[in-house]
Structure formats: C-alpha cells, structure tokens
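Read the structure below first, then the notes.
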Amino acid sequence: MVNIKLPDGSVRSFEGPVTGTDVAADISRSLAKAALAVKVDGVLKDVYLPIEHDATVEIVTAKMPEGVDLLRHDAAHILAEAVKELFPETQVTIGPTIENGFYYDFSREEPFTPDDLVVIEARMREIVARDEEIRREVWDREEAVEFFKSQGEFYKAEIIASIPDGEEVGLYRQGGFIDLCRGPHLPSTGKLGNAFKLMSLAGAYWRGDSNNEMLRRIYGTAWANEKDLKDYLQRLEEAEKRDHRRLGRELDLFHLQEEGPGAVFWHPHGWTLFQQMIDYMRRKQIQAGYQEVNTPEILDRSLWQKSGHAEKFGENMYLTQTPDERVFAVKPMNCPGHIQVFKQGIKSYRDLPFYLAEFGKVHRYEPSGALHGLMRVRAFTQDDAHIFCTDEQITEECLKASRLIHQIYHDFGFDEVRVKYADRPEQRVGSDEVWDHAEAALLKALNEMQVEYELNPGEGAFYGPKLEFVLRDAIGRDWQCGTVQVDLNMPGRLGATYVDADGERKTPVMIHRALFGSLERFCGILIEHYAGHFPLWLAPLQVVVATITDEADDYAREVQAVLTRAGLRSELDLRNEKISYKIREHSVTKVPLILVVGRREAEERTVALRRLGGKAQEILSLDDAVAALTDEARSPLERAA
RNA sequence: GCCGGAAUAGCUCAGUCGGUAGAGCGACUGAUUCGUAAUCAGUAGGUCCGCGGUUCGAUUCCGCGUUCCGGCACCA
C-alpha cells in the first residue's frame with residue numbers, strides 16, 4: 001500500500017508502487033496528459049519512475065515555473081539531438097536553461113550559420129512530431145566514459161569523469177540520442193510542443209575559461225504555449241525601443257564615433273541630463289558631509305607604481321609620453337590623487353572620518369569586445385569619494401555609504417537594487433591577515449544593513465573587498481553601478497598617516513565609494529528605465545512653447561522668457577506648421593510639456609498645457625502655469641528640503 | 001581579447017550574378033496661418049567604412065585593418 005498525499009491535502013492510496021503518471025491519471029485524464037514531471041517530497045522526478053513509499057506528490061505541468069523550466073531543458077536536449085542528426089561530427093557539451101530560454105554549447109570546427117539555425121529548428125520540430133520516448137538509464141561511470149569516448153564525445157566523457165564518486169550517472173535516451181543529464185526530463189519529445197524558437201549564435205569558452213577552446217553556442221527560447229512565446233518576443237521588441245543607444249540618437253543626447261571607441265560625445269540635451277545628475281549628487285553629498293575636490297588626470301608613472309596600479313591594473317591604463325620623454329599615466333581611478341590631498345598637512349584622529357569626493361573623469365583601456373554604448377566605455381566620470389577613517393569607524397562608514405546609495409537610487413526611481421559582496425581576488429596586494437580584517441568589517445556592515453545580498457567570490461578590487469550595487473537594463477543585462485570598498489592597503493603604500501589620540505602616527509583606513517559608479521552608465525540605465533520619458537526635474541528639455549499662428553509669436557517669446565526666468569528649460573517652436581504637426585514632433589522626442597499658444601491665449605494671457613502622452617489640455621493663466629510647473633520641476637532633494 | 005555577423009544619403013533600409021546607386025522619413029526652398037500625434041509641391045544630398053589585390057573596369061570578388069552588433073571572457 002502506498003499513500004500519496006496531494007498538494008490540496010487529500011490522500012490517495014494505491015495497491016503498490018505507482019508512477020507520477022498513475023497518480024495524475026487517477027485525478028484526471030487531462031492531468032495525465034499535461035504531466036511533465038512529478039515532485040516527490042519536494043524533489044523533481046521523472047513522471048514514469050515508480051514511487052515506492054508514502055510521499056507527498058505534486059504533478060508538474062507547463063503551468064508551473066518548474067514545468068516551463070523542464071520544457072526549456074528538453075528543448076536544449078532536442079536541439080542537441082537535431083544538431084547531432086544534421087551534423088554528426090559535432091561534439092555536444094552542456095545545455096542548461098537560462099532566464100527565458102536555454103542554450104547548448106557545441107564543439108565543432110566549422111561555425112554554424114544563421115541558415116543552419118533555420119534548418120536545425122525545423123529538425124527540432126520534426127523530433128517533437130516524432131514524439132520520441134525519453135527514458136532515464138543508470139550507467140556505470142567507467143562504461144559511460146568509454147561509451148562517450150567511443151562516440152567521439154570527449155567533452156561528455158570529461159564531464160562524466162568529473163562527477164563525484166558515489167553519485168549516480170544518469171543518462172537519458174531519446175530516439176538515437178543519448179546524453180548525460182541529472183534530469184528530470186519530459187516523458188517524450190512531443191510534450192515540448194511548438195512554442196520555441198532558436199534565437200542566436202554565439203561563441204562561449206568551455207567551462208567559462210578564456211584559456212579553453214571556444215565552443216559554438218546556440219541560444220533559444222521556449223514557453224508553455226504559443227501566446228507566451230509571442231508575448232516574450234514582443235517584450236524583446238519593446239525593450240529594443242528603449243535601448244539607450246537608440247534613444248540616445250532619437251532624443252539627440254549623445255553619439256559615439258570610430259575615432260573614439262568607448263568615448264562619448266555628449267550633445268546639448270544629453271549633457272544637460274548629465275549635469276542634472278551631477279547637480280543632484282553634489283548637493284546630496286555636501287549634505288552628507290563630503291568635500292568636493294578635483295585632482296589631475298595625468299600623473300607621473302611612478303605614483304602608479306607605488307600605488308600598485310601599474311602592476312595590477314597596468315593593462316587597463318593609458319600611458320602618455322611628453323616631449324621630454326617623461327612617462328605619465330592617465331588616471332584609471334581617483335584614489336591615489338585623493339590620498340595626495342589627504343597627505344597635505346598633518347591630520348589628527350579628530351579629522352576622521354575625512355570625506356573627499358570628486359566627479360573624476362577616468363580612462364580605462366577596456367577590452368574592445370566589452371564596449372557597449374554608455375554602459376561600457378573607456379572614458380567615464382565617476383562620482384567617486386574616499387573616506388579616510390579609523391579601523392573602528394569602518395562598519396559605520398560602510399553603512400552610511402550604503403544607505404546613501406539606496407536613498408539616491410530611490411530618488412532616481414530605482415527601488416529594486418541587488419547587492420553583491422565580492423571578496424579577495426587572486427590578483428591582489430596586501431597580506432591575508434589584512435584581508436581577513438577588511439572582509440570581516442565589510443561583512444559586519446552588510447549584515448547590519450539588513451538587505452539581501454549575493455556572494456561574488458574572488459571579485460573584489462585588488463586592494464580590498466567590495467559591495468556592488470547592481471541595476472538591470474532594458475533587456476535584462478545586469479550592470480554594476482555603485483560600490484563600497486574597504487581598503488587597508490593603499491593608504492599605507494602611498495604614505496598616508498594621521499596622529500592618533502596617543503600621539504602615535506597611524507595609517508588610516510580608506511573606504512572607496514561610488515554612488516552611480518559611472519555617470520555614463522547610470523545615465524544609460526536611466527534612459528532605459530524611463531524609456532526616454534524622464535521625470536520633469538531630469539528632462540533635458542522640459543517645455544516647448546508652440547504657436548498656432550504667427551500672430552502669437554510675440555506672446556510665445558514672452559512666455560518662454562518667463563519660463564527661463566523661473567528656471568525651466570524650454571524651447572520655442574514658431575515654425576509655420578500645423579499645431580498637430582508640432583505636437584507630434586515634440587511628442588516623438590518625448591518633451592514632457594507643451595504649452596500651446598494661439599490668438600486666444602495671447603489675448604487672454606493664458607497657455608494651453610498639454611502633457612506628454614495625455615490627450616487633454618488644460619487652460620491656465622500664464623502665472624498659474626509657471627508657478628505650477630516650477631513646483632512640479634523640483635528635484636526630490638528640493639522636495640525633501 | 002575570443003567566436004560569429006554587419007558597415008550603402010542625417011535615420012531606417014533596398015540594390016548592383018562586376019559596368020560608379022534608389023525608396024520612405026528627415027533636411028532645404030516655396031506655397032499654406034492652420035486649435036492638439038504627420039498640409040502640399042519642388043530641390044539638394046553618397047569617397048557605397050579605410051587600405052591593398054584580382055580585373056579593361058570593384059560599392060559588388062579576395063586579403064588586411066577599423067568600428068559597430070550579438071555572445072563569451074573581462075568590468076564601473
């Protein structure tokens with residue numbers, strides 16, 4: 001007798017061992033058909049495997065997230081089967097599911113072409129139509145290794161050989177294709193259905209290591225039904241429309257060109273947005289007790305040798321030689337410069353914590369393949385600051401900096417921020433004891449912050465562990481923005497000291513912190529986050545005054561003058577065009593407010609206010625309109641004050 | 001940096017099986033003075049990414065380079 005408890009709490013009894021299919025069939029025929037796998041006491045299993053003992057059982061269908069994940073997993077296997085049928089000389093490696101889809105990495109001399117993708121996808125649909133049974137087999141490890149070697153599948157053999165002793169080697173067979181897999185899998189290929197699509201080709205290193213062979217990756221997406229697939233493809237299209245590179249051109253914010261790879265040419269509107277960010281940040285920082293400084297962009301190479309940058313970061317640095325043959329480095333970070341400022345005059349323990357901030361433009365020679373619009377550039381502006389403090393102050397200062405970051409992100413409309421904690425990297429300066437100490441202090445602050453965080457092992461800066469604040473772009477790519485780093489190394493290397501209460505000279509701790517991280521990147525994320533519809537206080541162009549007839553020109557000029565005096569950013573549109581033409585044009589470039597003035601408004605000293613995306617218009621007296629808009633255009637900082 | 005793809009008018013793109021190119025939108029000029037998301041007509045605009053090679057002739061074919069796009073690796 002086997003008692004099966006279902007999620008609704010009911011219990012069904014069976015004579016002997018049953019399978020997930022049996023249980024599903026006992027409930028309803030349609031459920032039996034929809035069953036993709038089964039969860040036995042919370043563990044996913046193949047639906048056709050016997051359940052020998054009493055258990056809690058849940059039937060997994062495509063309606064559940066786990067079910068969709070299974071579909072994607074099987075789509076990857078079917079992709080591999082199709083590729084092996086069409087290109088038998090190809091070796092298979094791994095094919096996991098990912099967010100919204102799956103991929104499979106193949107080893108193959110010849111690249112796949114976009115045309116191949118069409119053929120492979122067609123073959124996948126054939127395999128689905130064949131509805132091949134998928135069955136799990138447990139193999140002896142040695143036999144499995146030998147088997148795959150004999151098939152010329154050396155990568156698979158390597159994976160199996162690396163499975164820890166004592167773990168079962170489970171293989172799944174579908175038609176003529178057999179693959180190592182932890183499972184579970186669908187009972188047959190037909191269950192995948194047709195809601196899948198191969199998306200793109202890419203290169204990817206074996207085991208993610210750039211020293212290894214580059215494999216050929218095929219990305220695909222798979223969903224429970226055609227509608228979900230269609231919705232997903234539409235979401236991708238929508239995301240493309242908010243791509244900051246596209247909006248950057250459409251809204252005339254910035255451009256990049258061949259002569260300056262990774263360097264931004266800011267146009268007037270883009271630069272206005274950029275300056276708004278700086279303006280906000282500057283005030284916010286002053287409130288938080290920072291002092292703003294500015295340090296040289298080019299400094300003698302020897303300083304970078306002392307700081308450790310030359311050795312650990314040298315490959316990313318621009319060097320420049322002057323006619324007297326002296327070698328300088330263009331700064332990739334602001335920290336050594338700030339230490340020079342700190343070192344001027346004798347500092348007392350009473351001066352600590354000592355805050356120095358800089359909107360510092362840094363240059364880093366990034367790998368060419370990494371460049372990406374504003375998100376990844378070679379010349380960028382950091383809202384960088386360094387907090388010189390005592391050992392006891394570390395935790396408190398990290399906390400303060402992290403709180404500041406969360407507040408600022410909130411003001412810019414981001415409430416979902418992911419935090420990562422990155423500890424010591426292989427390439428680093430300083431002793432293990434010092435690192436132990438720095439990591440412990442940062443972790444303590446992190447725990448006191450009471451935010452969820454992920455570990456990012458080995459990804460700290462070369463001088464200390466760091467917190468990373470991560471935002472996501474329109475198409476799901478994550479970008480690190482703010483950061484807080486505890487540095488017990490660099491102040492010592494560059495000779496920074498303070499006089500402690502006991503009269504002894506001591507080396508201060510330095511906390512590196514950036515709020516936006518890179519202003520360029522944050523600006524890119526902002527563009528995508530708002531899809532170009534910036535909140536009024538950030539919008540580069542806030543108001544367009546548009547006339548209906550040239551009889552209103554003089555009045556329109558007057559309106560704009562009043563707006564300018566009130567501190568609003570406006571433009572005049574006196575062109576001899578229909579008002580609907582003007583409205584369409586300014587709507588397309590996402591100007592938040594349009595003030596329409598015609599003969600009537602000129603006579604009555606009013607304006608017709610039209611908001612972006614709105615249909616209605618509002619007739620206001622000029623004075624009321626300006627007062628209301630000025631109030632509306634206040635930044636979060638001004639509102640809080 | 002690595003794998004794959006791309007580069008034609010300001011933008012989006014078509015095209016030439018090798019005989020120096022075209023559309024829509026935009027720009028400009030003129031007409032129109034119009035009430036809330038595209039008024040009409042006309043005109044101009046191209047080193048077909050760069051450098052070599054093959055060829056009578058290259059935007060087209062080949063090679064090298066540059067940049068960009070999608071990934072991987074790297075990272076703010």
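For the pair R217(A) and rG70(B), the criterion of a side-chain N or O lying under 4.0 Å from OP1 or OP2 is not met. Residue K466(A) has a polar side-chain atom (N or O) positioned under 4.0 Å from OP1 or OP2 of rA76(B). In this model, the phosphate group of rU36(B) is not approached by any side-chain N or O of H586(A) to a distance below 4.0 Å at OP1 or OP2. Note on R249(A): a side-chain N or O is less than 4.0 Å away from OP1 or OP2 of rU12(B). When the side-chain nitrogen and oxygen atoms of Y103(A) are compared with OP1 and OP2 of rC72(B), none of them lie within a distance under 4.0 Å. Under 4.0 angstrom from either OP1 or OP2 of rG70(B) there lies at least one side-chain N or O belonging to R245(A).
For the C1' atoms, the distance linking rU55(B) with rG18(B) amounts to 9 Å, nearest Å. Distance check on atom C1': rC17(B) versus rC61(B) gives 11 Å, rounded to whole Å.
Partner assigned to rG52(B) is rC62(B), using Watson-Crick or G-U wobble distances below 3.5 angstrom. The partner of rG18(B), taking Watson-Crick or G-U wobble pairs whose two distances both stay under 3.5 Å, does not exist in any strand shown.
One N or O donor and one acceptor, one from the side chain of E601(A) and one from the base of rG35(B), sit under 3.5 Å apart. Judged by atom type and distance alone, R376(A) reaches the base of rC74(B) through a side-chain donor-acceptor pair under 3.5 Å. No donor-acceptor contact under 3.5 Å links the side chain of Y205(A) to the base of rG71(B).
For M214(A), whose side chain is taken as the heavy atoms from C-beta onward, the closest listed nucleotide among rA37(B), rC2(B), rA73(B) is rC2(B).
Proximity of R599(A) to I548(A): side-chain heavy atoms (C-beta onward) are nowhere separated by under 4.5 Å.
For R72(A) and F102(A), the positive end is not near the middle of the six-membered ring at less than 6.0 Å and at most 45° from its axis. Note that R513(A) lies in the cation-pi zone of Y290(A), set by a 6.0 Å cut-off to the ring centre and a 45° limit from the axis.
Distance H533(A) NE2 to rA37(B) C1': 12 Å, rounded to the nearest Å.
Both F112(A) and Y581(A) lie close to RNA chain B; mapped to their nearest nucleotides by heavy-atom distance, the more 5′-ward contact belongs to F112(A).
Between E238(A) and K241(A) a salt bridge is recorded (basic side-chain N to carboxylate O distance below 4.0 Å). Salt bridge R282(A)/D279(A): absent, no basic N to carboxylate O contact under 4.0 Å.
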